[in-house]
Amino acid sequence: MPAVEQLSLLTADAWHAREEAHQQRVRRYADPYLARRSAGQKHPVEDFLFTYYTQKPGQLKRWHPGAGVVLTGEEAAARSGWKHYRTLDAGELAAVGLPSGAVAVTFDRSAFLADRHEAVTFAGIILRGTAARPAQFGCFGLHEWAMVYRQDKFDLRHEYLQLRLGSAGTDKVVEDNRIRCSHFDAFRFYTPDAVGLNELTPSRESQRHMEQPGCLHANMDLYKWAYKLLPALPSELVMDCFELSWRIRAMDMQASPYDLAEWGYPPIPIETPEGKAAYVGHQRAFAAEAAGLRGRVAQALAPLRPEGPA
C-alpha cells in the first residue's frame, strides 16, 4: 500500500511572501529577455535558457511550493483549477489543523504520477547515474568549437557573432586538441566533419549511461529536469538550478570560439595552457555546486516514485 502523504500547512501570508520573492527573482532574468524579444533583439548568452529549453518566462514566474505543502487563503482556491493541484478532504483539513470547509489546496501526487510517470522515472535514472560516475574535466569546452569546425565548407555563419580566431584558427584548435564530449545534446550540433573527431559517440539511447558530473551541459540540464518535475518541486529549487545553468552558459560561451567581448563576456582562451587551466577551475567549481543541487532534486524526486521513497 502507498504511504500516507504527509502534509504541512503554509499560511496565506507566508506563501504570498515566498511567491513574491520568487517572481522578483525570475523577473531579473526574464524581463530583459522579454524586452529584447519585443524589440526584435537577441543576446547570445542571456537569451539561451529561454530559447533552448522549453520552460517559458510566464511558466517560470508561476510559483509552486512543492509536494506535501498545503496553501490556504482565498487566493489558494484558484489553484484548485491548476494542473496537478487538488483540494484537501475533510480528514486532511483536520490533520493540518484547519476547520471543515476551509479553503486549502496541495500538490496532487496521484494525478501527477499518472501523467508524468515516464518523466519521473527517466529523470531519476539520469540524476542517479550521473551522480554515480566519476567527473571528467578534460573537454575544455571544445564542443562549441566542433559546432563551427570547417564552417566555410558547410556555409555556416552565426548571424551576429564573429569567430575570435577566424575560421582557419578555429579549425586548427579543433585539430590540435583531443575532443571527448560525452553529452549528446552538444554532440548533435557538431558539423559533419567534426563528428568523427570526437572520441565518443553519445546518442539519445546511451544518454543514461554517459552523463557525467563534470560536463557543463549535464549540469546545465539540472534546470531542465527540475522544471519538468513542476509542480512537485518547490520553485525555489528550480530557480537555484536555473541560476547555476545561467552562470554555466556564460562561462561556456566565454570559452567558445566566438568573440563576445563587446557583449561584456571576455574570452577564456582555451587554446592556451592558461585558458585551459582557467576553464578547468570553473568546471570543477560548477561540478561541486551541481552535485549539491543534483542531490536536492533527487531527494525531492524520491517520494514521487510510485512505490514511494527507496
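The figures here come from the full heavy-atom set of this structure, side chains too, leaving out hydrogens, waters and symmetry mates.
- Under the 30°/60° scheme for interplanar angles, the aromatic rings of Trp63 and Trp15 are found to lie parallel.
- Between Asp31 and Lys61, at least one side-chain nitrogen of the basic residue sits less than 4.0 Å from a carboxylate oxygen of the acidic one, meeting the salt-bridge criterion.
- Val26 and Leu34 fall within the same hydrophobic cluster, defined by Ile, Leu, Val, Met, Phe, Trp and Tyr side-chain heavy atoms under 4.5 Å apart, directly or through other members.
- Looking at Glu19 and Arg62, no side-chain N of the basic residue comes within less than 4.0 Å of a carboxylate O on the acidic one, giving no salt bridge.
- In the displayed structure, Glu199 atom CD is contacted under 6.0 Å by more than 12 heavy atoms of other residues, nucleotides or ligands.
- Counted by atom type alone, Glu211 and His183 present one or more donor-acceptor pairs between their side chains at under 3.5 Å.
- One finds a salt bridge joining Asp240 and Arg296 here, because a Lys/Arg side-chain nitrogen approaches an Asp/Glu carboxylate oxygen to under 4.0 Å.
- A heavy-atom distance below 4.5 Å is found between the side chains of Asp193 and Tyr149.
- More than 12 heavy atoms of other shown residues, nucleotides or ligands fall within 6.0 angstrom of atom CZ in Arg204.
- Applying ring-ring contact (aromatic ring centres under 6.0 Å, His included) to Trp246 and the options Tyr33, Tyr29, Phe48 leaves one that passes, Tyr29.
- For the residue pair Ser167 / Thr170, no side-chain donor-acceptor distance below 3.5 Å is found, with atom types taken as modelled.
- Ring centroid separation for the pair His217 and His143 comes in under the 6.0 Å cut-off.
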